[in-house]
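First the proteins, then the strands, lettered A, B, ... as listed; each starts at 1. From a predicted model like this one, the values you see are computed outputs, not experimental measurements.
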Amino acid sequence: MFVINCPYCGERDQSEFSCGGEAHIVRPKQPTELSDDEWAEYLFMRKNIKGVQFERWNHAHGCRKWFNMVRDTSNDKIHAVYKMGEKPPVI
Amino acid sequence: MTKYRINKTRFVDQTKTVSFTFDGKEYHGFEGDTLASALLSNGIHLVGRSFKYHRPRGIMSCGSEEPNAICQINDNTDLTEPNVRVTEIELYEGLKASSQNCWPSLNFDIGGINNLISPFIPAGFYYKTFMWPKSFWKKIYEPLIRLSAGLGKSPTQPDPDIYDHKHEHCDVLVIGGGISGIISAKIAAKNNLKTILIEDKNILGGSTIYQNNKHFIIDNQKSNEWLMNEISELEKLDNLIIKTRTSLAAFHSYNYLLAKENISDHLPLVKKNDGIRQRLWKIRADKVIVAAGAIERPLIFNNNDRPGIILANSVKKYLDFYGVSSGLNNIIFTNNDSAYETAVSLFEKGISVKIIDIRKKSSSNIVKNAEDLGIKIYWNSTVVNTFGYKKIKSIEIMNLSEDGSNVTGNKHKIQCDCLSISGGWTPMVHMHTQSGGKLDFREIDQVFVPSEKSENHINVGSCNGDFELEEIVKNTNNKVKKFLNINESGFDKISVLCSKELEKKNIWLLPNTISEGKTKSFIDFQNDSTAKDIKLALREGFKSIEHVKRYTTTGMATDQGKLSNMHALGIIADTAGVKMGTLGTTTFRPPFTPLTFGAIVGRSVGKFFDVVRKTSIHEWHVQNNAKFENVGQWKRPWYYPINNENLHEAVQRESKTARDSAGILDASTLGKIDIQGSDASEFLNRVYTNAWSNLGIGKCRYGLMLNEDGMVYDDGVTTRLGENNYLMTTTTGGAANVLSKLEDYLQTEWPELDVYLTSVTDHYSTASICGPNSKKILKKLFPNKDFSDEAFPHMSYQDAIIDKIECRIMRISFTGELSYEINIESKYAKSLWENCIKAGEEYKITPYGTETMHLLRAEKGFIIVGQDTDGTMTPIDLQMDWIVSKKKYDFIGKRSLYRSDTIREDRKQLVGLLTDDPNEILEEGAQIVSELDKKPVEMIGHVTSSYFSPNLNKSIALAVVKGGKKMKGQKLFVPMENKNINVTVSDFIFLDKENKRINA
């Protein structure tokens, strides 16, 4: 069980958070102009990296804010947290 | 005093007698005893039967690693507890223990026949034997296996004890109260760090607390004396919390640890009442120091499982800690020096002892001590057999060949009543690996030791592979100082003198003259896995240690292989001719020792199991005989029976009255989200399939929400309260998820939108009045209001006042009837409801529950998301094309509505079903087929909703059927267990297709 440093609230127990999967997948601005394959790429295709992964997290039982987190899935080390819209750090 | 209670010790109070029973017979021990030491003091070794062969088994250790001596505690149906290690039970007045896995009795166990037929039940016996004939499995094999499976008996009544959970935070957590844990805790606490020391025994001290040999000296005192002083110093430290009887269960990432504290298990029965039994501590520690110690290894030789064969250090603990001698004629069988401490201690108390050592010599001080005392030592020898059925009587020994792979010379028989065995020590690396740490294999003494250095935890003492007293003390001091950034400690100038082991030898499976197939050299004592089982598994092609473990069940008993895993690995490595370090280990999973279910769930039982949500009108429902249904966490009225009506009768009456006159429903549980902001309309445009910008203020509209994959996610009516203010309703079960999903889009995809969402589900309650007389009732409640269709049309809302309280009236309908919903602040809802009932009295208004609501909406063909949909239905599948805007450029899920998969014409689509026999009611979930004779029968759909409609006087059903849209009028079949029901596909709107009733 990790301790997550919510960018709005500070360090909190993992039980207050929920994970929203891979980060930095932007919803296409013009979905109607995409082919089935292109839309499927956005809709279904997710990486499942063993190692450093960029993830979306939500402080669901706290401030309810979404933010991004860089986590090594092999050892759960958290490299960085940053707000939505901020540039991802180089890890 | 029994003849086995040899000496007085400071740990057992021999002035306080404690009586207990074992297998119905009364015995006596003393305060401070464990059940194990009390049994041994009464000369009892035989306490149980083994799992597979039902061989007599005795106490083998003195701690949590005990594989044999497990028993049933208490005999009542609610408090009885199976598989309890007698080595861990502190003796208390009134304790009742009984042996397990034997019938009719421990002394005569009919299952012992398995021992005689053991050549026919090797590893994998069950997998191999019960394969055929297939028909035997259910009626014969499974009941038989179940009969012989398991150890103790589970309680049959609910557990009356209270369990507790508590959170704790600290700077330093020290796991283990032995010498290295005590040194660590003292250094940490003296340096102003909030420190917690946990120890699973009732007192601190580990094995050093009974190490009373002159060759182990710290600061000119015997090591045990020195440690006693340290413990009393420790108790004076302010910022140190010492938790005894507390065992670590799990070590998770980020130094999150679970520990179980026994609070009342050791108390006499009369003092246990009403208190908390066990507490689970959830500890978050900045730094963790693991000082978990090491477990002594057994030796693996033929018939090494008889009662009276005990680990050597345990024999010493029983002697020097509890004052009990395990035998009066002892033999010690060892491959290392530590067992010599036991020998010297026995000898000094005048008890007969001999030593068998597989080494050729040892030149350490402690061995010299034993030799000087005149203790007989058989060097370069091994035990090849043991005798005595219910207790060991004698052993046979032989000399080892030069390389140790064989035995030579003659057999030599020696009498004994206790055989102490020691195969060296295994560091307890469980905690380290649970936290994610890796291991290295150390060749010289064949142990796995922690390798990776973590910033947040260290291992000290023998769990780190330090076995000599001097290196334990000095390395612990140095490591802890470095770990905690401390320059000096009180242990820097300490002097330690100890006997050091110079000669080491290890043989995983000791040689014998008899062929291996005829020996029983036990590795896993509890599950009866022997060395030959492991070799058989290797011969049959199992290579991975994880597979061998599962095939032979080695290490899979309640002790989780604490004594057996290393030998299993060693024998696999030897047999396969590979290096042991390359094999790896099996995974060490939490919990370290079994946890009670009570400790795991804590207070979350009974009414605390889950949150119960009740509407503010709940009391009225209870008083009016409502039966309730759980919808998520909500308690919703299901139906209101009158005079012993059953569900069917009540629902028929309620739905008839609602259509003929008036009905009232508590709709407070529907999710309500207040939406505000200048972009609120645009936001709704994006999240619902239909258009919202053109909705006038004061108007209501039904909306359908999809997932991005195009599947229906939620539905509900949203009302425009003002220019920039909407009130959205959601399904009862979906409320929280809808809010989260909307927040997600707002925060991550559309942060540019000026929209704010607030859940107001609990703030407003809703009474929904429907039926042709509903307008008259509303008029009585709100006499000043104009309810004409012109002034107050369908799908509109108006503010109103009742009893000086503001409320909102929405004219919306989920039943197809003329219908009004009154929203009011929750605290006034019950009074509003009572007013509605009173006003409706002359129209025989009937309260109705969820079941009638479902029936009424099904008559009208309105879907319920989650009942008629299952996450695979698009609005097109539901024949709701009308609600999908063609004009809007985008909304959530739009693009998915014309993916190649979603435009398939043979998708399951919503249809109505009418049974040929109008009285036949289909079962919800029943499968639908088009051809009965075709094999295999193809399932083309299923029934989603089904009722008998009193208003239509026939059975109606909603169903999803492949290609159903084009099947109207077609005959289909619903096969049931004993008949086939003939049905016809129909329109799914069964009543009032023209929507006349809504304006009735």
Side chain / backbone / both / neither for Tyr745(B) at chain A, heavy atoms under 4.5 Å: side chain
Under a 4.0 Å N-O cut-off, is there an ion pair linking Asp171(B) with Lys194(B)? no
Per-residue tally against chain A (heavy atom, under 4.5 Å) across Asp744(B), Asp901(B), Asp890(B) peaks at Asp744(B)
Starting from the C-alpha separation in whole Å, work towards a yes-or-no answer on side-chain hydrogen bond (donor to acceptor under 3.5 Å, both in side chains) for Ser454(B) and Asn456(B). CA-CA 5 Å; Ser454(B) 153; Asn456(B) 301 316; 4.8 Å; no
Pairs of heavy atoms under 4.5 Å with chain B: top-ranked of Val26(A), Asn75(A), Ile78(A): Ile78(A)
Heavy-atom distances under 4.5 Å only: say whether Ser35(A) touches chain B with side chain, backbone, both or neither. backbone
Under 4.5 Å from any heavy atom of chain B, what part of Arg56(A) do you find: side chain, backbone, both or neither? side chain
Can we say Lys672(B) and Asp762(B) salt-bridge, meaning some charged N sits less than 4.0 Å from an Asp/Glu carboxylate O? no
SB check Arg686(B) Asp679(B) (cutoff 4.0 Å): no
Bottom line for Glu38(A): the part with an atom under 4.5 Å from chain B's heavy atoms is neither
Cut-off 4.5 Å, heavy atoms of chain B, and the answer for Trp39(A) is side chain
May I ask you to name which of Lys65(A), Lys77(A), Arg64(A), Arg27(A) has the most heavy-atom pairs under 4.5 Å with chain B? Arg27(A)
Test Asp709(B) against Ser896(B) for side-chain hydrogen bond (donor to acceptor under 3.5 Å, both in side chains), laying out the working first. CA-CA 5 Å; Asp709(B) 62 5; Ser896(B) 290; 6.0 Å; no
Tell me whether the guanidinium CZ or amine NZ of Lys282(B) lies under 6.0 angstrom from the six-membered ring centre of Tyr256(B) and within 45° of its axis. no
Given a strict heavy-atom distance threshold of 4.5 Å, which part of Asn58(A) is in contact with chain B: side chain, backbone, both, or neither? neither
Geometric class of the Tyr82(A)/Phe54(A) ring pair [parallel <30°, tilted 30-60°, perpendicular >60°]: perpendicular
Side chain, backbone, both or neither of Phe891(B) within contact of chain A (heavy atoms, under 4.5 Å): backbone
Where does Met1(A) contact chain B at under 4.5 Å (heavy atoms): side chain, backbone, both or neither? both
Ile4(A) versus chain B, heavy atoms under 4.5 Å apart: side chain, backbone, both or neither? neither
Which bit of Phe67(A) is near chain B, if near means a heavy-atom gap under 4.5 Å: side chain, backbone, both or neither? neither
Is there side-chain contact between Ser693(B) and Asn685(B), with heavy atoms separated by less than 4.5 Å? yes
For His59(A) and Glu16(A), run side-chain hydrogen bond (donor to acceptor under 3.5 Å, both in side chains): C-alpha distance rounded to whole Å, both residues' side-chain angles, the deciding distance at 0.1 Å, then the answer. CA-CA 6 Å; His59(A) 195 181; Glu16(A) 294 184 15; 2.7 Å; yes
